[in-house]
Colleague: 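Pasting a structure here, questions to come.
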Amino acid sequence: MSVANLEKPSLEQARATSFYEASARARIRLLLDPGSFVEFIGPERREVSPHLKLFDLPEQFDDGIIIGRGQFAGSPVFIAAQEGRFMGGAFGEVHGAKLTGLLRAAKELKSIPVVILFDTGGVRLQEANAGELAIAEIMRAVIEARTAGVKVIGLIGGRSGCYGGGGLIAGCCSALAVSEQGRIAVSGPEVIETNRGVEEFDSRDRALVWRTMGGKHRRLIGGAELFADDTVQAFREAALELLETTAGFGIDTLNAEQSRLEDRLQRFGTCRDAVEIWAAERVADAASVPALPADQFIELADKVRRIARDAR
Amino acid sequence: MEDLSFHHQARARAGGTRQMAIIGVVASGNLEVLAERVLPETECRLEIKTAAEGFGEVWDAVVADFVERYSPGGLKFSINDGGARPDTVSLRLAQAVRLMAENEQ
């Protein structure tokens, strides 16, 4: 092994790494300005789940979520990142309370935005009631923070996607950026198939899963404001753009969001597949969308659908 | 779950000035290692919570080898293990020592 191989990669090289493959800690470290991250309730505090040991399951010192503050291009932000590999990034009591606390702090300070790196399958089954309550508390905390003037930006590009209560919280955010791998939904593929049958949704049809829940579709129907390539750098640029361009929040925003969703239902309510929706949106070659490289897709998406700045 | 604890004398103090470092995640076949500089300079302790029961002897061997190779004096390692293989454990312990050897940001 040569000495050069042992040297640390430059920041530029490090930020070109896959967001999907990176750990939650690596995502935070590389997204923020170098060395600016300060963790709240770090692993040395050992604030672990009080429930998992009852099920004889291993704990993680940060309970699968890292929260703290840092700098984004010189400006302060609060940041939270879920670790999708620990229990599927699922929300438990402590995990949820850490995010609620961060959002409440942002609400008090009013001027510091919050960036949430979702990577979650939803609520942790072993602490279901506490987890469901946590989801409700976080949704309230997001809306209260936004009402106080705080921007809450969600970034979605992890292996667990953003499902269950995570999908509900994402829906409450000021704006979202998503990569192709970052699926957003409430019920996951297996849940839909279990409840409604394989005719309704074949969870083993990966192409169906990606084009129904994947980032490209979410961008094209307006569920996410921006589409990002799967690199930390692309997510950093997307987050900076959203922090700059996202408007305030009030009753007008909610009314605009309501009419945006009504319009969507009216136009696409009878479509049987995402490809039909893209075709109805006048995408010339709708069937080719899943195979498009990120830069070509972004160009297409910007032509097809302008971002609804007044809604959400 | 099984709790294991090991206490070793190290030849020398672990390098660096960092007080705390964490590496890895708790997942199937993986583990997290939290290293803290909280012990006298020639002592080393490992507290392990593992999902794979009955592997105390393997842990004993892996830990003894690690202390011999890296001399992590002054460090306490707290480990949450999701059933990682010995080579993964050795790798994470080495990564933790390497992180502690870096200077504070």
Side-chain angles (χ1 to χ4, degrees), chain A residues 6-8 11 21-30 32-39 41-49 51-66 68 70-71 81-90 92 94-95 119 121 124 126 158-160, chain B residues 1-5 16-39 45-55 59 74-85 88-89 91-105:
Chain A
L6 292 171
E7 277 175 16
K8 283 206 155 183
L11 185 61
E21 295 290 340
S23 69
R25 284 183 185 277
R27 285 173 189 162
I28 287 183
R29 180 166 49 81
L30 295 172
L32 294 175
D33 298 350
S36 70
F37 181 62
V38 178
E39 187 168 355
I41 319 175
E44 77 286 355
R45 298 279 299 270
R46 296 171 168 76
E47 287 287 353
V48 298
S49 162
H51 304 276
L52 295 179
K53 63 172 167 288
L54 302 175
F55 294 90
D56 208 28
L57 286 168
E59 297 152 347
Q60 185 159 297
F61 291 125
D62 56 21
D63 203 35
I65 191 168
I66 301 148
Q71 302 268 322
Q82 295 180 295
E83 176 50 69
R85 286 175 297 175
F86 175 64
M87 307 210 75
V94 172
H95 183 117
D119 195 349
R124 206 177 280 171
Q126 294 81 2
R159 67 187 62 225
S160 293
Chain B
M1 296 295 298
E2 183 175 347
D3 291 3
L4 299 165
S5 180
T17 58
R18 251 176 106 155
Q19 293 301 304
M20 191 272 281
I22 187 152
I23 186 84
V25 296
V26 183
S28 179
N30 209 335
L31 74 161
E32 70 171 347
V33 176
L34 172 66
E36 295 165 293
R37 203 181 292 275
V38 290
L39 299 177
R45 224 169 53 221
L46 291 95
E47 307 281 350
I48 299 151
K49 289 176 190 286
T50 175
E53 294 175 19
F55 290 90
W59 279 100
L75 303 187
K76 177 186 170 189
F77 297 90
S78 304
I79 294 172
N80 287 317
D81 172 47
R85 297 189 333 186
T88 310
V89 175
L91 174 73
R92 293 275 176 262
L93 286 169
Q95 285 175 313
V97 171
R98 173 101 184 237
L99 283 172
M100 293 299 278
E102 291 174 359
N103 290 324
E104 208 82 60
Q105 289 182 344

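The sequence lines fix the lettering, A, B, ..., with proteins before strands; numbering per chain opens at 1. Here the structure is a predicted model, which means the values were calculated and not measured.
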Colleague: Would you say B:K76 has more than 12 foreign heavy atoms packed within less than 6.0 Å of its NZ?
Modeller: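 Counting other residues, nucleotides and ligands, NZ of B:K76 exceeds 12 neighbours.
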Colleague: Would you give the length of the straight line joining atom NZ of A:K53 to atom CE of B:M1, rounded to the nearest 0.5 angstrom?
Modeller: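 Answer rounded to 0.5 Å: 11.0 Å.
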Colleague: Once you round to the nearest 0.5 Å, how far does CD1 of B:I22 lie from CD of A:E39?
Modeller: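 Between B:I22 CD1 and A:E39 CD, I get 8.0 Å after rounding to 0.5 Å.
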Colleague: Starting at CD of B:E53, measure out to CG of A:D56 and round the result to the nearest 0.5 Å.
Modeller: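 Interatomic distance, B:E53 CD to A:D56 CG, rounded to 0.5 Å: 6.0 Å.
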Colleague: Taking A:E44 first and then B:R37, would you say they form a salt bridge - that is, a charged N and a carboxylate O separated by under 4.0 Å?
Modeller: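 So A:E44 does not pair with B:R37 through a salt bridge.
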Colleague: Would you please name every residue forming a side chain to side chain contact (heavy atoms under 4.5 Å, CB included) with B:L99, sequence neighbours left out?
Modeller: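 If we apply the side chain to side chain contact (heavy atoms under 4.5 Å, CB included) test to B:L99, skipping adjacent residues, the hits are B:R18, B:A21, B:I23, B:E102.
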Colleague: List the atom of A:E59, the atom of B:V26, and the distance in Å for their closest heavy-atom pair.
Modeller: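 The answer is O-CG2, 3.5 Å.
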Colleague: Just to verify, what does A:R45 make a side chain to side chain donor-acceptor pair (under 3.5 Å) with, not counting sequence neighbours?
Modeller: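 In terms of side chain to side chain donor-acceptor pair (under 3.5 Å), with neighbours along the sequence ignored, A:R45 is linked to no residue.
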Colleague: Output yes when a side-chain donor or acceptor of B:E32 lies under 3.5 Å from a complementary backbone atom of A:F61, and no otherwise.
Modeller: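 A pair under 3.5 Å: yes.
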Colleague: For A:R46 and B:E36, run salt bridge (charged side-chain N to carboxylate O under 4.0 Å, His left out): C-alpha distance rounded to whole Å, both residues' side-chain angles, the deciding distance at 0.1 Å, then the answer.
Modeller: CA-CA 12 Å; A:R46 296 171 168 76; B:E36 295 165 293; 2.7 Å; yes
Colleague: Can you name the residues that form a side chain to side chain contact (heavy atoms under 4.5 Å, CB included) with B:A52, not counting sequence neighbours?
Modeller: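 Counting only residues at least two positions away or on another chain, B:A52 forms a side chain to side chain contact (heavy atoms under 4.5 Å, CB included) with B:T50, B:F55.
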Colleague: Can you pull out the residues in residues 83-90 of chain A with any heavy atom less than 4.5 Å from chain B?
Modeller: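 Residues in range: A:E83, A:R85, A:F86.
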